[in-house]
Amino acid sequence: MRTNRVMRTPGGLSLRLDVRAVTVVSLLLLTAFAASVVLIGTGDFPISAGDVVKTLAGNGDAGQEFIVNELRLPRILVGLLVGASLGLGGALFQAVTRNPLGSPDVLGLSQGATAGALVMIVLFSGSAAQVTMGALVGALATGIAIYLLAWKRGVHGYRLVLVGIGVSAIVTAVNGYLLTISDIVDATRAVVWMTGSLSGRDWDQVWPLLALCAVLVPLVLVNGRGLRMMEMGDDVSNALGVRVERVRALLLVAAVLLTATATAAAGPVGFVALTAPQLARRLTRSPGPNLLPSLCMGAALLVTADWLSQRIFGADQIPVGVVTGVLGGVYLLWLLVGERRAGRI
């Protein structure tokens, strides 16, 4: 049985809280913070967790403040924001399509961002800022193309997934062609970007992500009730007063922007958007899109994976995208084995 509590304010407003979901969110936030502190202290110049917290509070010495605030903190913040954006974006796609495979990795947005980045690298030898902009434009263009191709008196979730898979296959072929015509230096640079990495991230990547999350996260959470209603079907949602197409379009745009900006900042980090919503749902055991738990799960997953990549293989020996790919692949295999044992596949 689920434990729900109702809180009432003196003004007469009431709020129902799912105690288990609140506990899960709190634990995920604590995990993300602890992993961030440990990760900041990891490197060629190790810093204890106590000194990291003291430095973050403004009480460290000059050397520690430089290492923490200038060299390591931006990377951690990018990781947290990218993970949160991918987790929330994945939850939105899965809720709108009503399909657990409805994630940016499957729908082709990651491939579209990769195409935009490859164009800037291979054809124009672009700078890091130009590659980031190319990835953002590529993901947005792919998202618009998928939406328009899937439109037929509205957008059906099943049709959106099928169109996304088709577009993903086409864009993947284009990416392969771009790699074949590039020289060895550009190809190496492109492959490194395509893996997904937090190496070398600084405050220039933090501020755009932070600004976008500050706008989109509250907007998405405000529309969470309409999204929960839509899981019962369009006809029921319309009868309950939800403007289905408007809410669906708004949330899809938000999901595309979150995914595109995250991919532009760190490259196509695989499986976070696919697994974070599913893990959050299993932990909360709550129906509905689980938007806030998915956001927190994505942030915790990415910084933990980054810590593992440095702790096990040494600083920057392998990109974080490799670790998330391995973890995500193991999770999918475990999920498929469980589904097969249950007789559902």
Side-chain angles (χ1 to χ4, degrees), residues 21 24-25 27-29 31-32 35-36 78-111 113-114 139 157 161 164-165 168 194-198 217 220 227 255-256 258-260 262-263 265-309 312 318-342 344-345:
V24 168
V25 168
L27 290 175
L28 288 174
L29 289 175
T31 300
S36 299
V78 170
L80 289 170
L81 292 169
V82 167
S85 299
L86 291 176
L88 182 58
L92 288 173
F93 278 120
Q94 291 178 20
V96 170
T97 61
R98 282 180 270 176
N99 191 320
L101 294 179
S103 78
D105 307 310
V106 177
L107 295 179
L109 293 179
S110 298
Q111 291 80 359
T114 301
V161 172
I165 292 174
S168 175
M194 290 168 62
T195 305
S197 174
L198 297 176
V217 171
V220 169
L227 189 59
V256 169
L258 287 166
T259 304
T263 305
V269 179
F271 282 105
V272 174
L274 180 65
T275 58
Q278 295 300 311
L279 291 174
R281 178 175 295 217
R282 288 177 177 272
L283 288 177
T284 61
R285 299 178 185 174
S286 175
N290 285 279
L291 298 178
L292 189 58
S294 298
L295 182 151
C296 297
M297 176 62 76
L301 272 179
L302 195 54
V303 294
T304 302
D306 194 28
W307 176 78
L308 287 174
S309 72
I312 298 176
I318 63 171
V320 69
V322 175
V323 178
T324 60
V326 171
L327 295 177
V330 170
Y331 169 76
L332 279 180
L333 288 175
W334 173 80
L335 182 62
L336 290 173
V337 169
E339 292 290 307
R340 182 179 180 182
R341 287 178 177 174
R344 288 188 284 267
I345 59 174

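Sequential numbering from 1 along the given sequence is applied to the chain's residues.
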Apply side chain to side chain contact (heavy atoms under 4.5 Å, CB included) to V106 and list each qualifying residue two or more places apart in sequence or on a separate chain.
S103, I165
Can you find a pair of side-chain heavy atoms, one from L279 and one from L301, that are under 4.5 Å apart?
yes
Taking side chain to side chain contact (heavy atoms under 4.5 Å, CB included) as the test, write out the residues that go with L27, two or more places apart.
T23
Compare every heavy atom of G270 with every heavy atom of D105, then report the nearest pair and how far apart it is.
OD1-CA, 4.1 Å
For T195, all residues meeting side-chain hydrogen bond (donor to acceptor under 3.5 Å, both in side chains), sequence neighbours excluded
none
P268 versus T114, closest heavy-atom pair with distance
CG-OG1, 3.6 Å
Check residues 84-95 and write down every donor-acceptor pair under 3.5 Å in which the side-chain atom is one partner and the other belongs to a residue at least two apart or another chain.
residue	atom	partner	partner atom	Å
S85	OG	L81	O	2.8
Q94	OE1	Q278	NE2	2.7
Q94	NE2	P100	O	3.4
Q94	NE2	L274	O	3.1

Mind checking the CG-CE spacing from L283 to M297? Nearest 0.5 Å is all I need.
4.5 Å
Is there any side-chain hydrogen bond (donor to acceptor under 3.5 Å, both in side chains) pair reaching into residues 294-305, and which pairs are they, with sequence neighbours excluded?
none
Which heavy atom of A300 sits nearest to which heavy atom of L28, and what is that distance?
CB-O, 4.0 Å
On a heavy-atom basis, the closest approach of L198 and G79 is CD1-CA, 3.8 Å
Could you tell me which non-hydrogen atom of T284 sits nearest to which non-hydrogen atom of A21, and how far apart they are?
CG2-CA, 4.1 Å
Look up atom CG in L109 and atom OG1 in T259, then write down how far apart they are to the nearest 0.5 Å.
6.0 Å
Could you tell me which residues satisfy side chain to side chain contact (heavy atoms under 4.5 Å, CB included) with T324, sequence neighbours excluded, listed by chain and number?
V269, V272, L302, A305, V320
What distance do T263 atom OG1 and Q111 atom CD have between them, rounded to the nearest 0.5 Å?
9.5 Å
For I318 and S309, work out which heavy atoms get closest and say how close.
O-CB, 3.8 Å
